[in-house]
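In this text, all values refer to a predicted model and were calculated from it rather than measured experimentally. Residue numbers start from 1 in every chain, and the chains themselves are labelled A, B, ... in the order their sequence lines are given, proteins ahead of strands.
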2 protein chains.
Amino acid sequence: MSRGGRSIAPAPDPPSPAPERHDAAGHEPLLSIGAAAAQAGVTERALRYYQELGLLAPSAHTKGGMRRYSQKDLERVARIRELQALLGLNLDEIAVILRNDDRTAEIRLAYFDDRTGDVERKRLLRESLTLATEMRATVETKRQALDSFLHDLDARIDRLRHLLDEE
Amino acid sequence: MSRGGRSIAPAPDPPSPAPERHDAAGHEPLLSIGAAAAQAGVTERALRYYQELGLLAPSAHTKGGMRRYSQKDLERVARIRELQALLGLNLDEIAVILRNDDRTAEIRLAYFDDRTGDVERKRLLRESLTLATEMRATVETKRQALDSFLHDLDARIDRLRHLLDEE
DNA sequence: CAAAAATCTTCCGTTAACGTTAAAGTCGGG
DNA sequence: CCCGACTTTAACGTTAACGGAAGATTTTTG
């Protein structure tokens, strides 16, 4: 079914602007690099380094050229740390994932934009799906490994407890 | 209850020598560093490095001073890699864990040796138990994180599939 | 508006976990 | 016992992910 002129299918969550904490003038509060680093639990150097690698660009800059971070930026930092700690990925691998996330977000936006062609839309969705599925596989593998590791540990703990109780 | 002169409690698996693949003369086959590295899926350098850090000493040496690795040695290598990949521990942290494993193994051997003092034995067991329990906690935490990560991924995949099916 | 505090860019330093190469010694088959 | 393949130690090199300091600039604060 074509999607050029308004689909009939129940539209999946239109991309709403998301509720924000505006200030009086209506802008979201932006953080300096110091505050952002503190909030995110990383160093300023790390933030600059992520930017250098193209993982994270601050949402805004002052006239003088100082970085200003938004809440979304902080979430992105959290994501980076999670991927580092949880999956042991390096920053280059993480960059790939984040770029794909960004693409998917773009797709979601473009999804409601009639200028986006059906074919292109479909191609992008398939691409995202493939990537997500691949990632799922590696995560699942790791989870299984962790699980059996946990069971071994439990067995070991039981044995130790047993030896102690027998004294 | 004292353990100086033979315990009454049902003895937990006496430390049996474990079934080995002996050769004709009764020795287990030992591998050269090249073969060991190949089997373990690591480089020779890595094996030498682990030894340098005190993580892994080859079970034997030739007269000339060349390293000979046993199957247990290879298992130890596997353990090292597992702790690295799964938990993201560094080699120093792994060294601590392995040393504790070794101590625990010694205790199991000494279990039937009356020369080992009760107090000392108990202290060592408690120590191992503490370490294992701490480790369990961190592993559990990590597993939970991985799990929720996996669920997020699944949700994302579902959404993508949905968008595709609607075309 | 002036001083203090925070940031900017640039560049060199650091640590972990090996990689690589060189020179010398050891092993195993013929 | 000889030679080619494999190992040894020692030493220097490499990469990732920042750490830290310098000197200039910007922002904030009294």
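At a threshold of 4.0 Å, the pair B:Arg143-B:Glu140 counts as salt-bridged, since one of the basic side-chain nitrogens sits closer than that to a carboxylate oxygen. We find that B:Arg103 and B:Glu106 are not joined by a salt bridge, their nearest charged nitrogen and carboxylate oxygen being 4.0 Å or further apart.
Side-chain N/O atoms of A:Arg81 include none lying less than 4.0 angstrom from OP1 or OP2 on D:dA17. For A:Thr43, no side-chain nitrogen or oxygen approaches OP1 or OP2 of D:dC18 to under 4.0 Å. Not one side-chain nitrogen or oxygen of B:Gln51 sits closer than 4.0 Å to the OP1 or OP2 atom of C:dA17. The side chain of A:Tyr50 places an N or O atom within less than 4.0 Å of a non-bridging phosphate oxygen (OP1 or OP2) of D:dC18.
Tested against A:Arg67, the residues A:Asp73, A:Ile33, A:Thr62, A:Leu47 include a single side chain to side chain contact (heavy atoms under 4.5 Å, CB included) partner, A:Ile33.
Taking for each of B:Gly64 and A:Arg68 the nucleotide of DNA chain D with the nearest heavy atom, the 5'-most of the two is the partner of B:Gly64. Each of B:Leu91 and B:Gly65 was assigned the nucleotide of DNA chain C with the nearest heavy atom; the assignment lying further toward the 5' end belongs to B:Leu91. Toward the 5′ end of DNA chain C lies the nearest nucleotide of A:Ala35, the other residue of the pair A:Ala35 and B:Tyr49 mapping further downstream.
In terms of heavy atoms, B:Leu125 sits closest to A:Leu163 at CD1-CB, 3.9 Å. The two residues A:Leu98 and A:Ile80 make their nearest non-hydrogen contact at CD1-CG1, 3.8 Å.
Closest to the B:Glu44 side chain, of the nucleotides D:dA17, C:dG19, D:dT7, is D:dT7. Among the nucleotides D:dA16, C:dT26, D:dT28, the one closest to the side chain of B:Met66 is C:dT26. For B:Ala46, the listed nucleotide lying nearest its side chain is C:dC18; candidates were D:dT27, D:dC18, C:dC18. For B:Ser32, the side-chain atoms get nearest to D:dT7 when compared with the rest of D:dT26, C:dT7, D:dT7. Here the nucleotide nearest the side chain of B:Arg45, chosen from D:dA11, D:dC18, C:dC8, is D:dA11. Comparing C:dC8, C:dC18, C:dT26 by their nearest atom to the side chain of A:Arg48 picks out C:dC8.
Regarding A:Glu52, its CD atom lies at a distance of 10 Å from the C1' atom of D:dC18, rounded to whole Å. Going from atom CG of A:Leu55 over to atom C1' of D:dC18 covers 13 Å, rounded to whole Å. Taking atom CD of A:Glu93 as the reference point, atom P of D:dA16 lies 11 Å away to the nearest angstrom. Spacing between atom CG of A:Leu31 and atom P of C:dA6 amounts to 15 Å, rounded to whole angstrom units. Remark: P of C:dT7 and CG of A:Leu30 are 14 Å apart, rounded to the nearest angstrom. Nucleotide C:dA6 holds its P atom 23 Å from the NZ atom of A:Lys63, rounded to whole Å. Per the geometry, CD1 belonging to A:Ile33 stands 14 Å off C1' belonging to D:dG19, to the nearest Å.
When heavy atoms are screened at a 4.0 angstrom cut-off, A:Arg67 is found touching the sugar-phosphate backbone but no base atom. Residue B:Leu53 is classed as having no contact, given no heavy-atom separation below 4.0 Å to the nucleic acid.
In this structure a side-chain-to-backbone donor-acceptor pair under 3.5 Å is missing from A:Asn100 to A:Ile97.
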